[in-house]
Every structure is written in structure tokens, then in C-alpha cells.
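Since the structure comes first, as C-alpha cells, the remarks are kept for the end.
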Amino acid sequence: MFGPAALLTLATLAGLLAGFAREWLLVAAWGAGGRSDAFLVAMFLPEALRTLLAGGLLSAALLPLWQAQTPERRCAWLAGQLRHWLAAGLGLAALLSLAAPWLTRALAPGIGAAHAESAAAALRWLAWLAPGLLAQAVLAAPLQAQGRFLLAGLGSLLFNLPAALYLYWAGPAAAAATLAQCFLAGSGLMAAALLPGNWRLGWRPWLRAGRGDVRQVWRRLWPLLASGAASQGLGLLERLAASLLGEGTITLLNLARKLINLPLIALMSLNQVLLSKMSGAQDADRLRLLDRGLAACGLLTLPAAAGLIGAAPALVTLLLPAGLAASELPLLLALYAPGIVFGAWNALLARYCYAGGDTRGPLAVELAGSALSAALLLTLPRWLGLPGLALAALAGVWLTGALLAVRLGQGLPSRLARQGAAACAPLIVAGLVLFPLRGSGPWPQLALAALAGVVLLLGLGWRFRSESIAPAVAHPDNANGIPSDPRA
């Protein structure tokens, strides 16, 4: 499990660092103000599509169907899927480009007229990212099914690299239209990198597929789309609420989200690997993989979240342009950090359902959590400012996890409740003890937070290894010896 995930993590890390460099260079060039806010508003919809696809939106629907095809039909099936999704991407791009002025106003009603016009002009270019992003997601599925995750993981690096290089070269003279064109080039590179691998599998663009193949994908995809739309709708509400809190708040929110994404790369990689493994496994094997995945999630996320909380002021001081450490960004970052742990569990529980062909089941559960977050986003920021955005998101994550666990049964509700309570202890300690140490300077605070994270990682790693080598014991009531509980 960890071999492919580690390789994919390294590839994704390179892309995420390129994306973080892009954000840093953008703020350094334009400042945390209206100009940066306008471009980030234009980036929201294309970036939301890229985030959904990177999180496995299409692969969750395509992987089981690819594996269900006979070897003789797979290449024709892939050719038909690629043509369909390229056409869908072109149609979506045209629609977004035409509706750009209205969309940017709806996304951020609090920005000024001049910045709204600039955002619309950028979105007219950025809309055309859609065909390349969708093509990359389709071409990645066959390679992932064979355990070849590296090229797909390099997509983020290829996407961000042209923009980061341009911002580094142009500095304050960077033009929004040229920057958007750099992203367009990056989306093309993402898809082009996967063509040779699929060609070696036998794919040819002229192969003809069956008419019902696309309908099968859409039947699996629409619940995922609804769930993803709810998640991205929360992102939209976050930016809408942030735009009403003053100029530059969208940029602060985006920087917090980017920093939070740094420890999430291993989880995205682990989830992609687990999805491909669980898709071809039987029920009992899927339960064992789920058990291992939940333990691995705790190992990867809890030290990262505790370290982020404890080192938030130091990280903002050391990694971001000067002046941001005095803003609300460190507190916002610390409050978003617990969502890393609980959101990872939610993603894994949902993928357990997806691997069994159930893409509709988790939908109502995720919508309930999204509805709670949406309601809180309309109220908490008015009273608490930017911290209210993070607290609203965390409440929705907790509700989603509780409802998913209840739906799956298998003893998960009580188990996750105990694990959640245990996970909260180091997070609270980091917030009460390490976060207030900003007055001692960034380096001592960073060193103490890193030490705390390493100690926590070693402890959890020892426990993970102990559970891995412990002999599996079947439930005493299970006559067939098949574990009836995920802990078996």
C-alpha cells in the first residue's frame, strides 16, 4: 500500500510545491489586495474542476468500468471516453467563457467593479483549461489500474510550472492574461504526458467504442458530481463570505487553504492507491483494506495537523511575504488544521463505498454535512470574522464523518468516536501550548512544533507496526473465518 502511495506522494509533492511557489510569487508580485483577489476569483471554477479530478472524481467512476471490460475492448472503450470528455470539456469552456462577467460577480460580490472586470477577462482564458483537465483524468485511469501512478501524480507539477516560472520572471509586471495563458499551457502538458503510456497499452484515437459506454460512466458519475458540487459550493460560499470581510481576505483564505494542502498530498495518493486496490477486491478484503487505510490516515495526518497548529505563526512568518504574520492568517491556518484528520477519514470511508460500485450512498450523507457548513458560513463569519470560515468547515466535516460511519456500520461509529476523541487531545495541546509561542521567534516555535510532530509520528508508527504484525483473529461468531469487523 505504502510503496505506490509513497511514489505518488513524491510526485504530488513536487506539484504542490510548484503550486505554493505560484501563490507566493503572486502575492509577492501583486500584494494581498484587490488585484490578487480578482485573479483568484477567476481561478476558482477551473481550480475547483482540477481539484475534483485530482481527488478522483472521474477515476472513481472510470476505474471499475475499465476493469470490467475485456482486454480486447479496453482500448476502444478508452478512445470513446476520451472523445466524449474532450467534447464535454470544450462545451464547458465555451459556457464559462461566455458567462464570465456574471460568474465573477456571483463568486465575489464584495470586490470592486474594476477588479470584477479584471476577473472576468482572466476567466475568459482560464475557462479553456477544462478540455485538458478532463483529458488528463481519463488518460490517467488505465495507468492507475495497472499501478502506474507516477505520471498522473506529475500532473500538478506540469500544470503549475509554467505559471510559476512566468511570475518569477515577470515579477510585478506580470499580466493577468499572460498568466492565464501559462495555466492553459500547463493543462495541455498534463494530458500530453500520459499519451505515450496509453499508446503502449494499445489506445488509438480512431478506435470505435460502444454507444452505451458513456451512459454507464454517467450513471456512476452523477452522484459523485453532486457530492463534488456540494463540496465546491462550500468553497464558493467561503470566498463569497471572505469577499464581504474586506479587500485581501480572499487572498488570505486561499493562502491558508494552500498551506493546509501541503500535508494532504500523502492522503490523496493513499486514497488513489486504495481505490484501485479496493475496486478489484471482495467484501472481506475491502474491509481489511479499509482498516489499514484508517490506521494509515491517522499515522499521516495527526502529526501533520498538530505540527501545523503549533507552528502556524512561524510558518506564515518564514514562508510567506512579509506582513502576513500580523494578520489573521496564522489563526485561520491553525483552525483549518484539524480538518486534515477528520476529512481524511471521510474520504476513505466514501472510497470504500465507491470501490463497491456504490456512488449514490455517500451522497445524502455528504450533502447533510455540506448543508450544515453552508448554514454556518452564512452566520459565523459575521460574528467571528475569518476564523468563522474554518469553524463552519470543521463542523460539516464532523457531521459527514459521523453519518458515513453510521451508514457503513461494522462497528465504525464507536471506533471512530474513540479515535476522534484521542486525536483531539494532541491538537488541543498544540493549540494551547505551542501556538502562543510566537513571541519567542519563528525558529524556536518551528523547532518545538516539529519535535512534537516527530514524537507523535514515532508513537503512531510504532502502534501501526504493532497492529500490522499482530495475528488476525476472526470474530468468534463467524463460522467461515471472514472478519466481521474492520479491525480483524
Side-chain angles (χ1 to χ4, degrees), residues 13 16-17 19-21 23-28 31-33 36 242 245-246 248-249 251-266 298-344 380-381 383-391 393-394 420-462:
L13 175 61
L16 197 56
L17 289 175
F20 181 74
E23 298 297 328
W24 192 98
L25 290 166
L26 182 69
V27 175
S36 298
L245 294 176
T249 52
T251 301
L252 294 179
L253 173 64
N254 193 67
L255 286 171
R257 285 295 194 183
K258 287 292 180 182
L259 285 169
I260 285 295
N261 283 340
L262 286 172
L264 288 178
I265 55 168
L299 173 64
L300 294 170
T301 59
L302 194 53
L308 270 176
I309 292 172
L315 289 172
V316 173
T317 300
L318 296 171
L319 296 180
L320 297 177
L324 292 177
S327 68
E328 289 185 289
L329 182 57
L331 178 59
L332 186 64
L333 177 60
L335 290 174
Y336 270 123
I340 297 174
V341 181
F342 302 106
L380 288 183
W383 304 329
L384 304 176
L386 278 176
L389 302 176
L391 295 176
L394 184 59
C424 285
L427 301 180
I428 293 173
V429 170
L432 295 178
V433 176
L434 296 176
F435 185 86
L437 297 178
R438 65 168 72 193
S440 62
W443 288 110
Q445 184 180 39
L446 182 62
L448 289 172
L451 177 62
V454 168
V455 170
L456 192 55
L457 177 64
L458 291 174
L460 291 172
W462 176 83

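Every value quoted in this text rests on a predicted model; they were computed, and no experiment measured them. The chain is numbered in sequence order, starting from 1.
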Contact between [X] and [Y] at the side-chain level, heavy atoms closer than 4.5 Å - yes or no?
| X | Y | result |
| --- | --- | --- |
| P338 | I309 | yes |
| L456 | L302 | yes |
| L320 | F20 | yes |

Over all atoms of both residues, closest heavy-atom pair of [X] and [Y]:
| X | Y | result |
| --- | --- | --- |
| R438 | A325 | NH1-O, 3.7 Å |
| P387 | L331 | CG-CD2, 3.7 Å |
| A306 | P426 | CB-O, 4.4 Å |
| A393 | R257 | CB-NH2, 4.2 Å |
| A337 | L308 | CB-CB, 4.1 Å |
| P321 | A28 | CG-N, 4.1 Å |

Which value, rounded to the nearest 0.5 Å, describes the distance between [X] atom [atom1] and [Y] atom [atom2]?
| X | Y | atom1 | atom2 | result |
| --- | --- | --- | --- | --- |
| L333 | L386 | CG | CG | 12.5 Å |
| L437 | L446 | CG | CG | 12.0 Å |
| T249 | N254 | OG1 | CG | 11.5 Å |
| T251 | K258 | OG1 | NZ | 12.5 Å |
| L389 | L332 | CG | CG | 6.5 Å |
| L259 | E23 | CG | CD | 10.0 Å |

Backbone N or O of A32 within a donor-acceptor pair of the S36 side chain at under 3.5 Å?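 Flag not set: sc S36 to bb A32 has no pair under 3.5 Å.
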Of all pairs that satisfy ring pair (Phe, Tyr, Trp, His ring centres under 6.0 Å), the ones with a partner from residues 301-342, not counting sequence neighbours: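 For residues 301-342, and leaving out neighbouring residues, the ring pair (Phe, Tyr, Trp, His ring centres under 6.0 Å) pairs sorted by first residue read F342-W345, F342-W398.
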